[in-house]
Amino acid sequence: MSRVGKKPINIPKGVTVTHDPKKQSMKAKGPKGENEMTYHPLMEVTIDKETIHVKRPDDLKVNKSLHGMTQRMIENLIIGVTSGFEKKLIINGIGFKADVKGTDLVLSLGFSHPVEMKMPKGVNAKAEKGMVTLTGIDKEVLGQFAADVRAKKPTEPYKGSGIRYENERVRKKAGKKAA
């Protein structure tokens, strides 16, 4: 049995979880907001008083992977509405900066024009000197938006300028040597 999938999920106080087995969907409501998800129809989800259990029909490889993924998605749903998720991006380079204007993230990345990115629903941004902090309750949407922002100007290996995650390590290359 999957080690991740067989682990029960505890429902903390202040969080209400509703489950619709016909639609294979779950909704969670907590202090940070409300979020919902759908899971694969082969997985069986049961809710006790304060725990959620995920079961799979058999030991096929596909079902094993779906088992662990479904458990982790439900756990992320509950974590999102209780404490939320956060991604930090470091902007490094001469003249590179970020600014938040309403629901847009405006980046100056050395192009002839500023790059404006519309933030998805549920994602908030805070721009400080050299750092953008993205927060939200949906881990998947938050991670995809952070990846889209990073893709606008990935860190180059010679000077290290560009956008990178806070805990990402960039291996620097040696430049050309003078003869």
Review point. Can you check whether K88 reaches M131 side chain to side chain, under 4.5 Å on heavy atoms?
Key: yes

Exercise for review: Work out which heavy atom in V100 is nearest to a heavy atom in A125; give both atom names and the distance.
Suggested key: CG2-O, 3.7 Å

Exercise for review: Would you mind reporting whether H19 and Y39 have side-chain heavy atoms less than 4.5 Å apart?
Suggested key: yes

Check your understanding: Cluster question for you: counting only ILVMFWY and a side-chain heavy-atom cut-off of under 4.5 Å, with indirect links fine, are I90 and L142 together?
Key -> no

Check your understanding: Quick one: are V149 and M117 in side-chain contact, heavy atoms under 4.5 Å?
Key -> yes

Practice item. Please answer whether the main-chain N or O of G160 pairs with a side-chain N or O of N92 as donor and acceptor at a distance below 3.5 Å. Key: yes

Practice item. Examine distances only and state if a side-chain atom of T82 and a backbone atom of I79 form a donor-acceptor pair shorter than 3.5 Å. Key: yes

Review point. Quick check: are there more than 12 heavy atoms from other residues, nucleotides or ligands sitting under 6.0 Å from NZ of K139?
Key: no

Review point. Hey, does T135 have a side-chain heavy atom less than 4.5 Å from the side chain of V123?
Key: no

Review point. Pairs in or reaching into residues 89-113: which pass salt bridge (Lys or Arg N to Asp or Glu O under 4.0 Å), with residues at least two apart or in two chains?
Key: D104-K118

Point to revise | Verdict with supporting geometry, E168 and R150, salt bridge (Lys or Arg N to Asp or Glu O under 4.0 Å) | key: CA-CA 11 Å; E168 180 181 3; R150 185 182 175 279; 2.6 Å; yes

Practice item. Report yes if the side chains of D59 and K64 come closer than 4.5 Å at any heavy-atom pair, otherwise no. Key: yes

Check your understanding: So if you build clusters from Ile, Leu, Val, Met, Phe, Trp, Tyr with side-chain heavy-atom gaps below 4.5 Å, do I137 and I11 land together?
Key -> no

Check your understanding: Where do Y165 and L89 come nearest, in terms of heavy atoms and distance?
Key -> CD2-CD2, 3.4 Å

Review point. Does the side chain of E34 come within less than 4.5 Å of V81's, by heavy atoms?
Key: no

Check your understanding: Around atom CD of E140, are there more than 12 heavy atoms of other residues, nucleotides or ligands at under 6.0 Å?
Key -> no

Review point. Considering all heavy atoms of both residues, which atom of P31 and which atom of G14 are nearest to each other, and what is their separation?
Key: CD-O, 4.0 Å

Review point. If Ile, Leu, Val, Met, Phe, Trp and Tyr residues are connected whenever their side-chain heavy atoms lie under 4.5 Å apart, and connections chain through other members, are F145 and L77 in the same group?
Key: no

Point to revise | Min side-chain heavy-atom separation R72-V4 under 4.5 Å | key: yes

Check your understanding: Is atom CZ of F111 surrounded by more than 12 heavy atoms (other residues, nucleotides or ligands) closer than 6.0 Å?
Key -> yes

Practice item. Say whether M69 and I9 are linked into one hydrophobic cluster, either directly or through other cluster members, by side-chain heavy-atom distances under 4.5 angstrom. Key: yes

Review point. Which heavy-atom pair separates V54 from H67 by the least distance, and what is that distance?
Key: O-NE2, 2.8 Å

Review point. Is any side-chain heavy atom of E128 closer than 4.5 Å to a side-chain heavy atom of T133?
Key: yes

Review point. Looking at P157 and R171, what are the two nearest heavy atoms and their distance?
Key: CB-O, 3.8 Å

Point to revise | Linked, directly or transitively: F85 and V15 (ILVMFWY side chains, under 4.5 Å) | key: no

